[in-house]
Every structure is written in C-alpha cells, then in structure tokens.
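The structure under discussion appears below in the form of structure tokens.
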Amino acid sequence: METDILEKSALHSINLNIDILQRKGVVAEEMEKLICKARNKQNVKIGLIGIGFELHFDWEKAKQSYSEAVEQTKSVFSVNNALLALKEPVQTKKELLDVLNNFKAEGISGLIIYQASYIAGDLALALGNWLREHNTPLLSWSHPEVTGGRLTANRLCGQNFLLNILNSLEVKYSWVFNAPKTKQLDVVLDRLIRVVSAKKRMQHANILMIGGMRVPGFYDCELNEMSIAKHFGLGVDRVDIETVWKHGNKFKKEDINAIVKKLINAKECKYKKVSERELFLSVRFSLAIADYVRRGNYLGVALKNWPELFDNYQIAGDGAGALVQDLGIPVADESDMGGLLTMITMNEISNGNALPTLTDLSILNSDENKLGMWHCGGSPTKLLRKGTGFEIRNHSILDNYDEAQSYGMLLEFLLEKGHITIAKYQYPHASSMLSFEGEIVDSPMRFRGAYGEVAPKNVKASAVVGTILSKGLDHHWIIGRGHIQEDLKEFNHWANIEDLEFVQSGTTGRSIQKNLNY
C-alpha cells in the first residue's frame, strides 16, 4: 500500500523566551571545538490514517477534509520526524489492518486517527485490538460539522463511537475535537508529535551517573532502575569519578587555559574569587564530562559533586556542570536521578529548548504569592538574566563553615525572567510527578548562588509548599523554560506515570499517606 513520507520544520507551540534560545553559553563555542560532536537525532515516524464510511456519508467531502488534515499535520512536523499517510481514508477492517501493519513495518512510533466521517463498528474494534497488541500512542482527531443542510459526516458521534470501543478494550488514547486550521489544533498535534518522539528516542537509551551512587543521606536522589526501565525504557550506567577525571587528561593545557581566560574575562563576569588551580581543574572536568557523555551517547548525567570532589580533588563541581549544560547536556547535581529524569524528559519533549536546571525550593512568600528557587551555582550561563552579570565564586555553603577551606568554581547569578514550568519525578520509582507553571519575575539576589523568584500560575505558592510538605515529596525541583506542563502530562499518560494533585493552600498540615504501586 503506497505511503507518502514527508518532513517539515518544527512548530514549537510551547511558550518560550526566544531570546534565551538564541543565546550561546559564555565558553560553549570553545568547548564544542574540543569535544566529541553531538550525534544526530533519531528520525521518528508518525502514522496518519483517515477513517470513514462511504455508504452513508459524502465521501468526496470526507476525502477532501482528510487531505486537509494531512497538510495540517505536515505543517507541525520537525526535521527529525516523518509522516506516513495514505492518499484516502479507509473504510473496512481489512483496509485498516493492512495499513496499520504496513506502517508498523516501516517503524511508526505514534498514530493519529482522523475522523473523516462516521465509521463501521468492526473497524473500531480492529483498531482497538491492534493497539492492544502493539501499544502505540494514539491521538483521535475530530472536528465540528458544516451545518445548514444534511449531516454529511457525523464526525463527533463517530469519534464518540470509536473511543467508547477503545475504552471498553482498556486501550489508552488522547483525543482532540477542534476545527481545522486553528492554533489550538496545531498545539495539540505538535505536542503529540514531540512527546511521541521523545518517548521513542528515550527507549533503550542510557543515562549516566558519575560517582556511581547517591550523595550521603540524599535518599530522595536514589532510583529504582527497574521502575525507570518500566516507565521510560532507559538504562543507567554508573562510572566512578576517577575514570571521568582521568578522561580529562586528553585535553591540552593551553586549550583549557584559553577557556578559563575567556570565562574570567567575559564582560558578564563581574567578580572572580577562585584560585587558578581550581579554575583550571574545573574547566578540565567540564570538558571531560561533556566528551565522555557525547562519546557514550548518554542523554544526560547525574553528577555526585560531593563529597569526593571536595575531599579528593579540591574543587566544587557545580560550575563544571553549568558549562556542560550550556552544550545542551542535562546535568543533575548531587546524583539526583529523579532530577535527571525530569531534566531529560523536559529536554526531549521540547527539542532541547526547555534548558532545565536543578534548584531547591528555599523561600515561601505567601503575602506576595511567590517562591524562591535557589541552588549553589550550577545553572547554565544561557540562563543569565539580561542586563546582569555572573560571579565566579567558591562554594557558598562551604563558605558558611570556613571560607578558608572552601572550593570553587561556582557561577552565581540571577536566573532569566520569563515563563517556566517546575516539576519533579518522585524518588525512587519515578512513577509520579508534581508539576506547575509560572513565571520567573523581577527580584533581587536573595542568596548567593543561582536564584530565581517564581510567581506560580493557577496554583498558590502556599499550596505548592503545602503539597510538597504534606506529601513528603523530593527536595530538588527542576525549572524548565516555557509552559510545558501539558506536554509533561501527555508524556506521563503514555509512560503510565501519575500526575499528583495539589492540596489546599496553607502553612500547616498533616502527612498524606498513599500506597505506591511501582
């Protein structure tokens, strides 16, 4: 059966700060010249099938509307997607099964069923049974009728009929009922394609833990590798710090020193208080991490940046991780695997545009409905707030104990303002997530480190804190750029991950216990 395989530039419907996406890290270009190149993204194929019933409805109009559906779907595809689509809708069980099996043989990872008209019931049953066997994400798409005469398609009733049968068969689906050529429809189609593509690319891929284990006492940074494989299809490799440290021996001193010089002399650098030795070793370690990750084709890395980097190597790893993130490689501090999973998922569903970074929730301002998100200084320099600068410092938390014994380097600055999503897959199973959207707003630097003040959207700041404390959730939270909560929920739907609900706002509460089915 003939198919058309097509590719289009991506339509990003998430609400992003375009200025940030056009930025480059302070020393990213120099680092890219020294490390292994990033591999091309896997091409992901999506199938589109129109369904209908010629006997009772206007078949010419059904064919025309299906052709328009194909064109609209093409328009939201990225260069790393291909569309498999027939020239006309199908009507019978046999036709549908033939095209489904052909598409499967060509490697589809997701399926869009377009309701060209009402359908015969055995066609719906055949689709449901095929999906039970092949477990392929499905979007059912229908839209309003032309009124004022005969009912020429009866699409909504047909979609109702189809999804009733799928539900009876316990088949998962997503659905949209929206007029063609609308922005909202583009958003839904774009979301499905990005989520399905992310899910496919994560299947059988690997993530890396440098340091091999969690930070002492950070139990909410652990993971259940079988649960990670079950929900994400990911594998986990663990490597000791010494192996990656020695990997840095491949880089020449003059190349490392050139990057250090560019970093400390950047016009955005307002202050430097880190020894030359620690600057050199930190930059070398960042090159080692980035090259090791690229060569192993890892989707991201969790870095055990203490105590070994303090005790054995006399550096702080946060700044090194920041420079690696400027290259588009997610790095989760303190061996936080749930944090890394969240960063990778944000990164993949946004085609690299979410620029996720790890933070603590450190301030609740109930009166102004704001949250203060902070971490030590390991955020990518791409996120530097416009019109401000960064400081190169020793570790501020070590400074609390003894400034003379603290280490560097960290990059401290205000995070850029704009639309963001905060989320976290919960340890150690990653079978649940809490997420919300908001905006980083103007604020002073409340603490040294990387800091951003967040005004939540559609939920009160006190409800966010109350939910985290009452449900006993993890202590790290990932900030991603853009409003991508619906994208995360779509991904979680297909990965069998629960989206947690918020409790009522307040500053006091009790524990909420729940039996978790990993």
What closest approach, in Å, do Cys36 and Asp291 show between heavy atoms, and which atom pair accounts for it? N-OD1, 2.8 Å
Going by heavy atoms in the side chains, are Asn369 and Pro456 under 4.5 Å from each other? yes
If you define the side chain from C-beta out and look only at heavy atoms, does anything of Tyr292 sit under 4.5 Å from Leu208? yes
Before we go on, tell me: are the rings of His231 and Phe491 under 6.0 Å apart, centre to centre? no
Which atom names give the shortest non-hydrogen contact between Ile349 and Ala198, and what distance separates them? CG2-CB, 3.6 Å
Looking only at side-chain N and O atoms, does Thr136 offer a donor or acceptor that is under 3.5 Å from a partner on His134? no
How far does CG of Leu383 sit from CD of Gln325, to the nearest 0.5 angstrom? 8.0 Å
Can you confirm whether Val26 sits close enough to Lys382 that some side-chain heavy atom of one is under 4.5 Å from a side-chain heavy atom of the other? no
Check ion pair Arg385-Asp442 (N to O, under 4.0 angstrom): yes
Salt bridge (Lys or Arg N to Asp or Glu O under 4.0 Å) partner of Glu416, chosen from Arg23, Arg481, Lys386: Arg23
Spatial distance of atom CD (Glu222) from atom CG (Asp336) [nearest 0.5 Å]: 10.5 Å
side-chain hydrogen bond (donor to acceptor under 3.5 Å, both in side chains), that's the test. Do His475 and Asp220 meet it? Break it down for me. CA-CA 7 Å; His475 84 285; Asp220 63 347; 2.8 Å; yes
CZ on Phe232 to CD on Gln203, rounded to 0.5 Å: 11.5 Å
Could you report the tightest heavy-atom contact between Ser379 and Thr357, atom names first, then the distance? OG-OG1, 2.7 Å
Can a donor-acceptor pair be found, under 3.5 Å and without considering hydrogens, that links the side chain of Ser286 to the backbone of Val324? no
Pairing of Arg446 and Glu453 as salt bridge, 4.0 angstrom limit: yes
Ser432 and Gln426: side chain donor to acceptor below 3.5 Å: no
Counting only N and O atoms by type, is there a donor-acceptor contact under 3.5 Å from the side chain of Lys471 to the main-chain atoms of Glu501? yes
Calculate, to the nearest 0.5 Å, the distance between atoms OG1 and CD belonging to Thr421 and Gln485 respectively. 6.5 Å
Is a donor from one side chain sitting under 3.5 angstrom from an acceptor on the other, for Asn492 and Asp499? yes
Any chance you could lay out the side-chain contact (heavy atoms from CB on, under 4.5 Å) test for Leu139 and Leu111, step after step, and finish with the verdict? CA-CA 6 Å; Leu139 175 68; Leu111 182 63; over 6 Å; no
Give a yes or no on whether a salt bridge exists between Asp326 and Lys24, defined as a side-chain N under 4.0 angstrom from a carboxylate O. no
Under the 3.5 angstrom rule, does the side chain of Glu106 hit a backbone N or O of Leu84 as a donor-acceptor pair? no
Check each of Tyr114, Phe177, Tyr66 against Trp141 using the ring-ring contact (aromatic ring centres under 6.0 Å, His included) test, and report the only one that passes. Tyr114
With a 4.5 Å cut-off on side-chain heavy atoms, are Val70 and Leu86 touching? no
Where is the tightest heavy-atom contact between Val454 and Met373, given as atom of each residue plus distance? CG2-CG, 3.7 Å
Between Asn167 and Tyr173: side-chain donor-acceptor atoms closer than 3.5 Å: no
What do you reckon, are the aromatic ring centroids of Tyr219 and Tyr427 less than 6.0 Å apart? no
Donor-acceptor under 3.5 Å (Arg214 side chain, Cys221 main chain): no
As an exercise, state the distance from CD1 of Ile363 to NZ of Lys370, rounded to the nearest 0.5 Å. 11.0 Å
Could you state the interatomic distance from NZ (Lys460) to CZ (Phe502), rounded to the nearest 0.5 Å? 14.0 Å
Would you say the side chain of Ile479 lies within less than 4.5 Å of the side chain of Pro356, judging by non-hydrogen atoms? no
Just by distance, do the side chain of Asn305 and the backbone of Glu334 share a donor-acceptor pair under 3.5 Å? yes
Cut-off 3.5 Å, side chains only: do His429 and Asn224 have a donor facing an acceptor? no
Keeping the roles fixed (side chain from Arg201, backbone from Gln42), state whether a donor-acceptor pair exists under 3.5 Å. yes
Can you confirm if the aromatic rings of His375 and Tyr451 lie within a centre distance of less than 6.0 Å? no
Ile112 vs Leu192 side-chain heavy atoms within contact, under 4.5 Å: yes
Would you mind checking if Arg194 and Glu490 are paired as a salt bridge, meaning a charged N to carboxylate O distance below 4.0 Å? no
Under 3.5 Å, side chain of Ser362 to main-chain N/O of Gly372, donor-acceptor pair present? no
How about Glu225: does its CD atom have over 12 heavy atoms from other parts shown lying under 6.0 Å from it? yes
Using the rule given for salt bridge (charged side-chain N to carboxylate O under 4.0 Å, His left out), can you reason through Arg191 versus Asp487, listing the C-alpha separation, both sets of side-chain angles and the distance that settles it, and then say yes or no? CA-CA 6 Å; Arg191 176 183 300 133; Asp487 299 3; 2.9 Å; yes
Would you call the rings of Phe447 and Trp374 parallel, tilted or perpendicular, where under 30° means parallel and over 60° means perpendicular? perpendicular
May I ask you to decide if Leu358's main-chain N or O and Asp333's side chain share a donor-acceptor pair within less than 3.5 Å? no
Are any non-hydrogen side-chain atoms of Asp474 and Tyr425 less than 4.5 angstrom apart? no
For Lys172, I'd like to know if atom NZ has over 12 heavy atoms of other residues, nucleotides or ligands within 6.0 Å. yes
Applying salt bridge (charged side-chain N to carboxylate O under 4.0 Å, His left out), run through Glu498 and Lys489 and close with a yes or a no. CA-CA 9 Å; Glu498 177 188 7; Lys489 287 183 175 181; over 6 Å; no
Nearest heavy-atom neighbours spanning Ser366 and Ser462: OG-CB, 4.0 Å
Option passing side chain to side chain donor-acceptor pair (under 3.5 Å) with Ser65 (candidates Gln115, Arg155, His143): Arg155
May I have the step-by-step check of side-chain contact (heavy atoms from CB on, under 4.5 Å) for Leu361 and Val465, ending in yes or no? CA-CA 8 Å; Leu361 199 168; Val465 172; 4.0 Å; yes
Quick one, Leu488 with Val195, criterion side-chain contact (heavy atoms from CB on, under 4.5 Å). Give me CA distance, side-chain angles, the key distance, then yes/no. CA-CA 8 Å; Leu488 289 169; Val195 165; over 6 Å; no
What is the minimum heavy-atom distance between Ser109 and Pro137, and which atoms define it? O-CD, 3.4 Å
Does Ser75 reach the side chain of Asp186, with side-chain heavy atoms less than 4.5 Å apart? yes
What do you reckon, is CH2 of Trp175 surrounded by more than 12 foreign heavy atoms closer than 6.0 Å? no
If only atom types and distance count, is the side chain of Asn81 paired as donor or acceptor with the main-chain N or O of Val44 below 3.5 Å? yes
Backbone N/O of Thr342 and side chain of Thr345: donor-acceptor pair under 3.5 Å: no
